[in-house]
Amino acid sequence: LKHKVLASVFYEASTRTSCSFQAAMMRLGGTFLHVDGGKGGNTSASKKGESLEDTIRCLECYTDVTVLRHPTTGSVQQVALGDGTVKPVI
């Protein structure tokens, strides 16, 4: 996966899941961007009221695939099957 970028977007803590996806991407030759969307996270998108769908659509401009961990049941399906998302969301 050389030259491919994974967006690791976590709105809830999950060290093992996050690290496993990041390590796998690196082992396959790719890179990753980590976005901590939780309450104490490193992103301003959710703090400013941006929708989850808008955040993922924006990140698609920089990445090839998104791994999403969100506390709301069905959020991954909502984003993956929603309008405007064209790249894979796991």
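With sequence neighbours excluded, no residue forms a side chain to side chain donor-acceptor pair (under 3.5 Å) with E60. For S14, the side chain to side chain donor-acceptor pair (under 3.5 Å) partners are T17, R69, not counting sequence neighbours. Residues meeting the side chain to side chain contact (heavy atoms under 4.5 Å, CB included) test with S75, sequence neighbours left out: L52, H70, T72. For L28, the side chain to side chain contact (heavy atoms under 4.5 Å, CB included) partners two or more places apart in sequence, or in a different chain, are L1.
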Donor-acceptor list for residues 61-68 side chains, cut-off 3.5 Å, not counting sequence neighbours:
| unit_1 | atom_1 | unit_2 | atom_2 | d |
| --- | --- | --- | --- | --- |
| T63 | OG1 | L59 | O | 2.9 |
| D64 | OD2 | V5 | N | 2.7 |

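Residues T31 and M25 form no side-chain contact, since every pair of their non-hydrogen atoms from C-beta on lies 4.5 Å or further apart.
Atom OG of S51 is separated from atom CD of Q78 by 8.5 Å, given to the nearest 0.5 angstrom. Atom CG of residue L33 and atom CD of residue Q22 lie 10.0 Å apart, to the nearest 0.5 angstrom.
Although no hydrogens or angles enter the test, the distance criterion places no donor-acceptor pair under 3.5 Å between the side chain of S8 and the main chain of S18.
Cluster membership check: M26 shares its hydrophobic cluster with I90, using side-chain heavy-atom separations under 4.5 Å among Ile, Leu, Val, Met, Phe, Trp and Tyr. Linking ILVMFWY residues whenever their side-chain heavy atoms come closer than 4.5 Å, directly or via other members, places Y11 and V89 in the same cluster.
Listed by first and then second residue, the salt bridge (charged side-chain N to carboxylate O under 4.0 Å, His left out) pairs that reach into residues 24-33 come to none, sequence neighbours excluded.
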